[in-house]
Each structure stands twice: as structure tokens, then as C-alpha cells.
Amino acid sequence: MTPRAPLLPLVACALLLAGCPQGPSSPTTPGPAEGEGPSVSLDGLTDALPSDGEPRRGGTLIFGRGADTVSLDPADVTDGESVKAIEAIFDTLVRYEAGGTEVEPALATAWEVSDDRKTWTFTLREGVKFHDGTALDADAVVFSFERQRDPAHEFHQGEFVYWQDQFSFVTRVSKRDDRTVVFELDRPFVPFLTNLAMFTASIVSPAGFRVAKEKGVSPASQPVGTGPFKLADWRRGDAIVLEAFDDHWGGRPHLDKLVLRTIPDNNTRFELLKKGDLQAMDGLNLADVGLAAQAKDVTVLAQPGMNVAYLAFNNKRKPFDDPRVRQACAMALDLDRVAARIYYGLATPAANPLPPTLFGHHDDLRPRKQDREAAKKLLAEAGHPRGFKTTLWTMTNPRPYLPQPDKMAQYVKAALAQIGVEATIVPKEWASYLEEVQKAEHDMCFLGWTGDTGDPDNFLYVLLDKDNARVGSASNYSFYEDEVVHDLLGRARIEADPPRREALYRQAQEKIHADCPMVPLVHTTQVAAFRSKVRGFRLHPTGILDFRRTWLAE
Amino acid sequence: MSRALRRAARHKGMWVGGVIVLVWVVLALLAVPLTGWSPGTVDPDLALDYQSLPPSWLRSVELPPDVEPRRFLAGTDDGGNDVLGRVLYGARYSLVIGFVAVAISVALGVPLGLVSGYYGGRLDGLIMRCLDVVMAFPTILLAIGIVTVLGQSLTNLMIAVGLVGVPGVARQLRAQVLVVRELEYVQAARALGAGHLRVLGLHVLPNCLAPIIVLATLGTATAILETAGLGFVGLGPEPGTPEWGLMISESRNLISRAPWAVITPGAAIVLLVLGFNLVGDGLRDVLDPRGRA
Amino acid sequence: MNGYVLQRLLGAVPVLFGVTVLAFLFVRMIPGDPARNIAGERANEEILAQVRRVHGLDEPLPAQYARFLGRIAQGDLGTSLQTNEPVTREIAARFPATIELTLCAVLLATVIGVALGIVASLRPGSVLDLVTMGGALVGVSLPVFCLGYVLIIAVGDHMPYAGRLDEGLRDGFAPRTPFYLVEALVRGEWAALRSVVAHLALPALALSTVPLAVVARITRSSMLEVLSQDYVRTARAKGLSRAAVVLRHALRNATIPIVTVLGVQTGYLLGGAVLTETVFAWPGLGRFVVTAIGERDYPAIQGGVLLFATTFVLVNLLVDVLYARLDPRVRLGGTS
């Protein structure tokens with residue numbers, strides 16, 4: 001019953017990320033002190049498997065995960081489990097560098113942008129083949145984008161949510177010659193290049209679509225890409241079997257086969273990994289990470305996640321329209337304990353909605369210290385000397401940033417009770433959760449955000465700008481409508497100079513911290529477990545699984 | 001009746017079951033004084049210091065010097081809660097949910113079965129076909145559906161488990177009514193001109209009491225199991241409630257790290273359900289010797 | 001005989017019709033907007049409207065139902081909102097796994113249950129009887145998911161417990177149908193068969209506990225009843241061996257209640273498969289439907305639930321017919 005984890009749609013300009021502290025690292029929060037319960041120190045976990053030695057060709061890597069892929073049409077998926085398979089089957093014009101969010105050439109070898117930054121010209125790589133044997137040319141690239149953009153296109157079938165969200169400024173994609181493609185934009189847009197590295201911009205084979213149409217089947221079940229692996233078999237609800245593509249332009253992958261198996265139960269999946277039936281898995285129980293790190297022949301990888309979990313106060317409703325009440329509630333919580341105990345040390349207490357690994361993060365702000373007496377005094381000043389009754393909404397399904405929503409809700413409820421605030425937990429299924437909290441009928445609710453590329457705009461503007469606080473279609477679930485913050489975030493969106501942009505974001509974060517419209521709780525660490533004989537794999541901040549250079553040692 | 005009493009006195013299984021159930025009722029009532037655990041009184045930050053401790057008799061764990069030493073007979077879960085305290089307190093939920101759900105099944109199922117069996121004909125056909133439709137759905141899916149439609153809460157959980165049990169009660173009662181209806185003195189009452197309601201209430205219903213009691217007892221066992229199943233798929237009462245199914249579901253990620261947090265509520269379910277099944281079986285043997293499983 | 005079967009068949013038609021209505025309505029009473037679930041969390045009203053149009057979610061309920069029914073008649077269960085694949089294809093890929101699991105559980109429950117029941121009935125009150133029946137009682141008191149975990153912890157190191165077949169054997173076996181067990185048997189692929197059976201063992205065992213216990217108890221009580229009857233005593237008196245009496249007379253007559261119970265238990269098994277399939281990562285229909293409920297995938301829920309309900313009705317129809325074969329009195333008495 002582990003729910004699939006839809007990916008939060010996100011985009012940003014990783015171009016601005018240059019110079020950001022990142023790279024291989026262990027989780028920043030130490031585990032609980034030694035001798036305290038059965039916890040295991042997490043020090044020494046890295047984000048990459050060794051890649052030394054001569055790669056061995058052959059073998060099957062079976063990766064266990066919680067839910068099946070929904071669709072293999074790269075332009076029409078919104079869930080993380082689909083993306084995992086799509087990243088293996090397809091390539092994009094540009095791609096993220098290993099372990100980071102800067103882009104490097106992929107199907108395009110070079111590109112240039114006009115002076116007004118509204119026209120982008122891409123030169124395609126020579127000799128690239130699709131899985132069906134057809135050659136990659138400008139027509140295929142134009143097809144891949146125009147079918148999303150143009151409602152009159154023969155293959156415009158699907159919702160294309162990401163296109164509307166992230167490419168709606170593209171007015172036309174056209175072919176100059178067989179190896180050159182031109183994108184025309186209606187405005188300068190710095191993050192455009194980074195967006196092209198996302199799965200949604202995958203290049204598909206037009207021939208593949210025509211064949212599928214003739215056969216009367218959905219192209220989403222018979223994907224044809226240029227990626228390192230091609231689809232061999234898809235047993236729905238059970239496994240996706242991918243085979244190495246011999247003619248991949250970057251060289252054939254070392255593995256013969258990559259199998260993505262669906263094992264819904266976290267315990268079962270972990271037992272299978274220990275037994276050796278799986279070579280890799282994600283969705284490890286946080287409580288088991290320590291055990292996994294100690295398990296024989298198992299290696300655990302960890303990396304600070306590009307995400308945030310937060311507790312939103314509904315700023316539109318009494319008594320949370322009073323900043324003192326919000327601050328008091330924030331002071332009831334001990335985020336160090338939350339990170340160490342509820343997340344088993346696999347999280348960093350958050351002071352900002354923005355993850356510390358991102359550009360623009362204000363490093364001097366600290367989470368509010370837990371202080372129950374001061375909190376009670378603030379409540380009394382605000383006119384609630386004996387506290388009040390309220391509701392705390394939570395999703396029932398685990399999220400990547402909130403793997404134990406029930407435990408978190410119980411902790412917050414009990415912690416608030418200590419300052420006299422009596423909260424009733426209102427659990428809602430994820431499928432209806434967002435719709436419900438958009439109605440602004442909650443007092444407090446849990447939510448979070450995961451980044452695909454990592455620009456501050458995507459966290460701060462989306463989560464806290466008044467533009468996004470419209471009841472019914474909000475993404476600012478605190479319904480925080482501050483003019484100063486709105487002005488700062490608006491200016492930062494169009495500011496091209498990184499230092500000045502950073503200053504704007506710092507000011508905005510200070511104001512947000514003081515107003516306390518929400519309590520940023522933690523930034524969750526990304527974790528995956530592998531059999532120790534697997535070589536040549538590295539976690540990526542966006543969660544991409546890249547098995548191109550992975551092999552199985554003897 | 002005296003024969004039934006004599007049979008009851010000899011029926012060991014029923015007595016064992018009765019004692020089990022009785023012990024659970026007593027434990028549920030005395031849970032707080034016995035273990036000192038009750039919901040809402042625990043400081044969550046202090047509790048986290050005792051996260052996932054093993055049962056004190058199993059092995060002892062060195063706590064940091066600033067943490068007050070405490071012993072937990074069945075260990076703690078990952079919120080640092082006393083597992084035994086929660087399990088004993090949780091017996092209240094299982095007992096109440098079981099009883100209320102069965103009351104709903106009986107309150108709706110008995111009239112349906114009575115009317116259907118007594119009047120027969122088209123009405124009977126209609127009621128039975130409708131029940132056939134409901135019974136065609138797997139119970140767990142039906143219950144999941146009802147909770148999803150009504151919204152997740154303790155009340156709706158009881159309603160869902162209760163509704164799912166209605167067709168079973170109605171059908172078995174109808175079968176009994178078909179027999180009772182033909183009894184001579186019922187026929188006689190009818191012939192003497194007694195009204196339908198009067199015959200149903202004074203003659204038919206009393207003759208169906210024995211199977212109703214048996215059904216209700218066995219139904220309680222089923223209801224407790226179904227509640228646990230719903231809790232397991234995440235459709236139980238408010239998160240954090242010490243309901244057994246929910247406790248298992250909330251602690252099942254701990255099965256390799258703190259198995260006692262899963263095993264203790266699991267064992268509690270088996271024991272209580274076993275108690276009700278023993279009593280139900282015994283009652284059937286005693287009250288309704290020809291009845292079947 | 002044929003008249004009786006026909007009568008039962010006709011009786012099933014309104015029930016199946018009711019099942020479609022209930023499945024259809026039920027799904028629409030669930031809170032949550034399916035369009036938003038398809039389109040994702042950042043879709044605007046424009047996209048939502050488009051999604052509703054494409055999937056026919058903007059039509060009035062009776063029109064949606066009429067369309068639903070019309071399509072069922074053509075064997076079309078609609079398109080899954082999540083995967084954009086025909087629901088029939090999604091179901092066809094998963095239902096065979098559930099059927100094989102359920103059938104194996106029924107087989108285990110019958111064989112072991114009947115054997116235990118007979119053993120217990122031969123010496124009522126003996127230690128053997130007490131142990132068997134006590135075990136059966138514990139069996140019906142066990143939540144299936146608890147047993148699943150217990151089995152995994154206890155024997156998981158020696159037995160496979162996720163999926164249906166060893167990944168390594170798959171290429172050699174290359175199943176052409178989703179019925180692995182039957183196919184491996186028919187084609188004589190023994191290595192594959194061993195693997196398929198091993199994969200089935202634990203989930204089928206976990207799933208079979210409750211029906212097994214029920215069958216054991218019903219067998220025991222009907223055996224006791226039959227054994228005490230005059231003709232069996234006569235047969236014994238005539239010098240027939242105990243085993244012959246049990247097998248030829250008593251068991252034959254005890255078959256009727258056993259078959260009836262198995263019919264009812266099929267419903268339980270299909271439902272129980274929902275939990276079992278989750279614990280054992282079994283790629284079947286139960287898990288698919290539960291996921292679909294969470295995702296508000298209306299056509300998928302309808303299709304899955306409809307298939308479960310139809311199977312239940314048909315199995316019970318079959319049981320009724322078997323019942324009539326075994327017990328001629330049923331054919332003469334008219335009502336069910």
C-alpha cells in the first residue's frame with residue numbers, strides 16, 4: 001500500500017547555481033548520541049558507489065521500488081515512478097551533470113542564444129539512433145516539442161501539464177536544416193536551457209508514434225527513444241524490463257538488463273535486498289537505514305535532498321492571522337529532536353523553506369528555539385491565555401519529504417498540547433488532499449515541496465507569494481499575502497545579476513522568518529540502498545537514476 | 001433450558017473464551033492505573049528520549065545520564081510510547097468498535113431477515129437480491145469504499161464495519177425464520193387472528209434469539225478483525241489513536257528494529273478475537289446444537 | 001437439471017445489474033476531483049476543464065452510466081484515467097495472478113482442511129481433535145497481514161515471497177500467457193514450474209488460513225453428524241472397514257456443506273487477496289483496485305470491482321449447480 005510518489009512539478013534556473021556548495025557529502029545532521037537507543041551512526045555514508053576498477057559487462061540489475069510506472073509518454077507524466085523508467089529510455093537535448101544541476105551537452109552538441117535572448121539555436125549530435133533504428137534528426141526534435149505545443153498536431157494526445165507549466169513561453173519550434181533546430185520564445189527566460197534537461201523535454205521517435213498508431217496501441221506503452229536502455233517488457237503492476245541499447249551514442253551501458261520491480265511494502269523490499277533478490281532499492285524505512293548500513297553486502301547512499309517539509313498556518317483564519325500565535329506555535333516544536341528522532345537523523349532542521357544547498361539560501365537564520373514558557377506568554381498577549389482548540393490536517397500517504405506523516409502529526413499535536421493548543425488531527429488521502437487544502441478551510445496543514453532543478457523562485461514564489469494564495473487554486477497553502485515579500489520576489493524573478501538577486505532573496509527570507517507564516521520543519525535526506533557489488537552509480541539531487549555507467553562486480 | 005445450562009456448564013471452550021474476554025474488559029478498564037499511560041498526557045519531547053526501547057525483561061539499554069530511567073514491560077514504539085500501556089488502553093477501542101459495529105449489523109440485519117423470511121414472496125426476493133448484490137463485493141473492498149465515501153473517522157469506521165456485516169446477519173436470520181414460521185404454535189397464533197406484527201414480535205423473534213446471540217458474538221470477532229484490516233490499509237481512526245490495527249500499521253516499518261511494537265498489538269488481536277470465537281462457538285453448541293459454522 | 005441451472009442463471013442477471021449500478025454510484029460518491037488527480041497538483045482550471053472533457057467527466061450521471069453500461073455490453077470497461085490504457089488490458093494483465101493465487105489457496109484449504117476435519121472427527125474429544133480444532137480457531141482469529149509478516153520472518157530466507165517467478169528463469173521460460181502455473185505445467189517447464197509453485201506457496205498459505213480453518217471445522221461437524229446416522233452404522237455393522245465407510249459414505253455426504261462453505265469463502269479469498277497481495281508484492285487485481293481507489297481512477301475501480309463481484313456471483317452459481325448434482329432434493333425444492 002505504499003503510494004506512488006508523484007513528483008512535484010518544478011523548474012528553475014540551475015545556471016544560477018554556479019558556486020553553490022554541493023557535491024558528495026554525508027547527511028549534515030548527526031544521528032542521535034551514542035548509546036541512546038538502537039540508533040546507528042550515519043556518518044560515512046556517501047552519495048556515490050565506487051567506480052574504480054575495470055567495468056564488467058553483462059548482468060541484470062533489479063531495482064525495487066514502491067509503485068509501478070503509470071505511463072511511458074515522457075511529455076504526459078507527473079509521477080516520479082514513471083520518470084525513473086523514462087530517464088533510462090529517452091535522452092534530452094541537454095542533461096544534468098552527474099551529481100549536480102548544471103547542464104551539459106547530450107543530444108545537442110552546441111547551442112547559441114540571440115542577443116534579445118528570445119531565439120535559441122541547437123546543433124544536433126551526429127549518428128544518434130533511436131531504438132527502432134531510425135536516425136535522430138531535426139524533424140524528430142521538432143515533432144517531440146510541437147506535439148506538445150500545437151493542439152492541432154496529429155499526436156497532441158494527453159494533458160501535457162508540464163508543457164503548460166514550463167514551456168508555455170515557447171511560441172514555435174522549427175527545423176533550419178537536418179542538424180539544426182530553432183526555438184522561439186515570447187520573452188527572455190533564463191531557466192529555459194535547464195528546463196530542456198527535464199524528462200518532459202525527452203526526444204521521441206516520430207516513427208515509433210506512427211507505428212503505434214497503425215497498430216492501434218498507445219505510444220505510452222511502446223516508447224521509442226534514443227536512451228541507453230530500451231523497453232523489453234512491461235508486466236503491469238510487477239516489473240518493467242529494460243535492455244541495453246547496443247547503438248547508444250554514448251556507448252552501450254555495461255548492464256545487459258535493468259529491471260524496475262514493484263514491491264509495495266517497504267519491509268518486504270528491504271528483506272529482498274538483504275537476500276540479494278534485488279540489487280538496489282529506494283523507499284527504505286528511515287528506521288531501517290542504520291540497519292541497512294550495517295547489513296552484510298549492502299551499501300547505503302545518502303545525499304541532502306532538494307526539498308522541504310513545512311507546517312502551514314492558515315493566515316486567513318483566526319487565531320492564525322495574529323503573528324504572535326504563529327510564532328508561539330513554532331516555539332512549541334523542537335526541530336532538532338524531530339530531525340534526530342522522527343527522521344532518524346536523515347534530515348536537517350529547516351530555518352527557511354529554501355533548502356540550504358540552493359542558491360540564495362540565507363545561512364544566518366536559525367529555527368526558532370523551543371521555549372514553552374515564552375510561547376505561552378505570547379499566546380496570552382495575543383488574547384489566548386488558556387490556549388485554544390484547532391485542527392491539524394495531514395495527508396495519510398508518505399511523501400518524499402514527509403515519510404511518516406502520521407508520526408509527525410502526533411508529535412506536533414502533543415507538542416502543541418504542552419502550550420495549551422488542542423489540535424485535532426484531520427487525516428486526508430493524498431488524492432484529495434491538495435484540493436481540500438486549497439479551499440483554505442484548514443487551520444494548520446502539513447505540506448512540502450521537492451525540486452527538479454533548484455531555483456529559489458520555485459520554492460519561495462510558489463510557496464509564499466500572494467499571487468499563489470488564491471482560494472481554490474493555491475500553492476501558497478499558508479495564504480500569506482505580504483506586499484513586501486511579493487515585491488521582493490517579483491523583482492528577484494527578473495534580476496539577471498546573481499549577487500543582486502541573492503540579496504533580494506535574503507531580504508525576503510528575513511521578512512518571512514519574522515512573520516512566521518509557516519514553520520519550515522526539515523529538509524529530508526535522499527537515501528537509496530544497493531548491493532555492495534554494484535559499481536558506478538551516484539545519487540542525483542533531482543532523484544534521477546542514471547545507470548548508464550553502472551556495472552556489477554564479481 | 002436446564003439442559004442448555006447443563007451443557008453450558010460442561011463446555012470448557014466457552015468458559016476459557018469467557019474468561020479471556022472478561023480479562024480484556026477488566027484490563028481495558030484498569031489500563032490507566034495499571035500502566036500509567038493515557039493519551040494526551042505524555043510530553044512528546046521527553047517521550048522521544050525513550051524511542052524504540054526493547055521490553056525491559058528482554059534486554060536493558062543504557063540511557064543517557066540526563067534521561068530519567070524507566071522500565072517498559074513490552075518496550076516502546078518509535079514515538080517513545082509505552083507499548084503495553086497503549087495495547088491495554090486500545091482494548092477499549094476494539095471492544096467498543098466490535099460491539100457498536102455488531103449492534104449496527106444486528107439492528108439492520110435482523111429486521112431485514114425477519115421481514116424477508118416471514119412475508120416471503122416478492123418482498124423476500126427483492127431484499128435477497130439486494131443483499132446478494134452487496135455480498136458480491138469483497139468485504140474489505142466494501143469497507144474501504146464506505147470509509148472513503150463517508151470520510152475517515154472512528155464513527156465511520158464503526159458504520160463501515162457494521163454495514164458490511166448486515167447481509168450475513170439478514171441471510172442467516174431469514175433461514176431461521178423460514179423454520180420458525182412453520183412451527184405449529186406460530187401457525188396457530190396466525191390462525192387465531194393475531195396480527196403480523198404481533199406474531200413477529202411475540203412468537204417469531206423470541207425463537208430467533210439464540211441464533212442472534214451466536215451471530216452477534218461471532219460477529220464481534222469478525223468486526224475486530226475487519227477493523228484491524230482497515231487500520232492496516234490506513235483507514236483507521238485518528239492517527240495516534242491506540243487502536244490495535246492502526247498500531248500495527250503505524251509500527252510496521254519498525255518490524256526489524258522494534259518488533260515488539262508490532263507483535264504485542266498483533267498478539268492482542270489474536271487473543272481477543274479467539275476469546276469471542278470460543279464464546280460464540282460455545283454458545284452455538286449450547287443454544288443451537290444443530291447450527292453450523 | 002437444466003431447468004434449474006437456467007433458473008439460477010436468470011436469477012444472477014438482476015444481481016449483476018445491481019452490481020453495475022452500485023459499482024458506478026459508489027465510485028462517484030467518493031470525495032475528490034478525478035480531473036485534478038490526473039492533471040497533477042499545479043494544473044489550472046483550463047487544463048482541468050480539458051481533462052474533464054476528454055474523459056467525459058462533465059456529463060450528467062445518467063448519461064455517464066448509460067455510456068458505462070453500453071460499453072460493458074461491448075466488453076469495453078473504459079480507459080484508465082491514470083495510464084490511458086484500456087481497463088480490460090490492465091485487468092487482463094493482473095487478474096490471472098489473482099486467480100492462480102486464489103485457486104491455490106482454495107486447493108490448500110480444501111485438501112488440508114478436509115484432512116484435518118476427518119482426522120478430528122474420528123476421535124471426537126481426543127487430544128488430536130482438541131489440537132486440530134484449537135488450531136483452526138486460532139486460524140480464524142489471525143489477521144492475514146500479521147500471518148504474512150510472520151511467515152516472511154520465519155521462512156523468508158528459504159522461500160521466495162515476492163513476485164511470481166525467478167527473474168533468472170524468465171528468459172528461458174518466456175511465458176506466453178499470464179497463467180504461469182498452468183502454462184508451466186502444460187509445457188512441461190519443470191524448473192519454471194518449481195519456481196512458480198515456490199513463489200505461490202507463502203502467499204497462498206497465508207491467504208488460505210481462514211478458509212482452511214472453516215473447512216476443517218465444517219468437515220468435522222458434518223462428519224460427526226453423518227457418522228452417527230443409521231446407514232453408516234449399518235454399513236459398519238455389515239463389516240465394512242472404517243476407512244471404507246468414512247471415504248465411501250460419510251465423506252460423500254459431508255461434501256455438500258463443504259462445497260457450500262467454499263463458495264462463500266471465495267468472496268473472502270478475493271477480498272483477502274487485497275491484503276495478501278500487498279504484503280507479498282503479488283502483482284494481482286486486488287492491489288490494483290486499492291491503488292485505483294487512492295488515485296480516484298473511476299474506470300479502473302469500476303472494472304476491478306465489477307470483475308470481483310461477477311466472479312463471486314459466478315462461483316456461487318457454480319456452487320449451487322454442484323450442490324444440485326450432489327443433493328437431488330435441491331432440484332425438487334424450488335427456492336434458494
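Naming: A, B, ... by sequence-line order, numbering from 1 per chain. In what follows, every heavy atom counts, from backbone to side chain, and hydrogens, waters and symmetry copies are set aside.
- Residue with the most contacts toward chain C among Leu272(B), Ile140(B), Val270(B): Val270(B) (heavy-atom pairs, distance under 4.5 Å).
- Interface summary for chain B: among Cys146(C), Ala23(C), Pro14(C), Pro143(C), the most heavy-atom pairs under 4.5 angstrom belong to Pro143(C).
- With hydrogens and angles left out, the side-chain atoms of Tyr65(C) and Thr20(C) include a donor and acceptor closer than 3.5 Å.
- Contact annotation for Ala221(B): neither backbone nor side-chain heavy atoms come within less than 4.5 Å of a heavy atom of chain C.
- For the side-chain contact (heavy atoms from CB on, under 4.5 Å) with Leu101(C), the qualifying choice from Leu269(C), Leu285(C), Val106(C), Leu207(C) is Leu207(C), the only one to do so.
- Both the backbone and the side chain of Val140(C) come within contact range of chain B, with heavy atoms under 4.5 Å apart.
- Using modelled atom types and a 3.5 Å distance limit, the side chains of Ser52(B) and Asp78(B) yield no donor-acceptor pair.
- In this structure, the portions of Leu274(B) lying under 4.5 Å from any heavy atom of chain C include both its backbone and its side chain.
- The contact between Leu278(B) and chain C is made by backbone and side chain atoms together, counting heavy-atom distances below 4.5 Å.
- A donor-acceptor contact closer than 3.5 angstrom is absent between the side chains of Thr227(B) and Glu243(B).
- No side-chain heavy atom of Phe312(C) sits under 4.5 Å from any side-chain heavy atom of Val19(C).
- Side-chain atoms of Arg94(C) and Thr98(C), non-hydrogen and from C-beta on, never get closer than 4.5 Å to each other.
- Residue Asp124(B) does not touch chain C at all, counting heavy-atom pairs closer than 4.5 Å.
- Chosen from Ile263(B), Leu225(B), Asp132(B), the residue pairing most often with chain C at heavy-atom distances under 4.5 Å is Leu225(B).
- Using a 4.5 Å cut-off between heavy atoms, Val289(C) contacts chain B through its side chain alone, with no backbone atom that close.
- Contacts between Val313(C) and chain B at a heavy-atom distance below 4.5 Å involve the side chain alone, from C-beta outward.
- For the 3.5 Å distance criterion, the side chains of Ser141(C) and Asn277(B) qualify, holding a donor opposite an acceptor.
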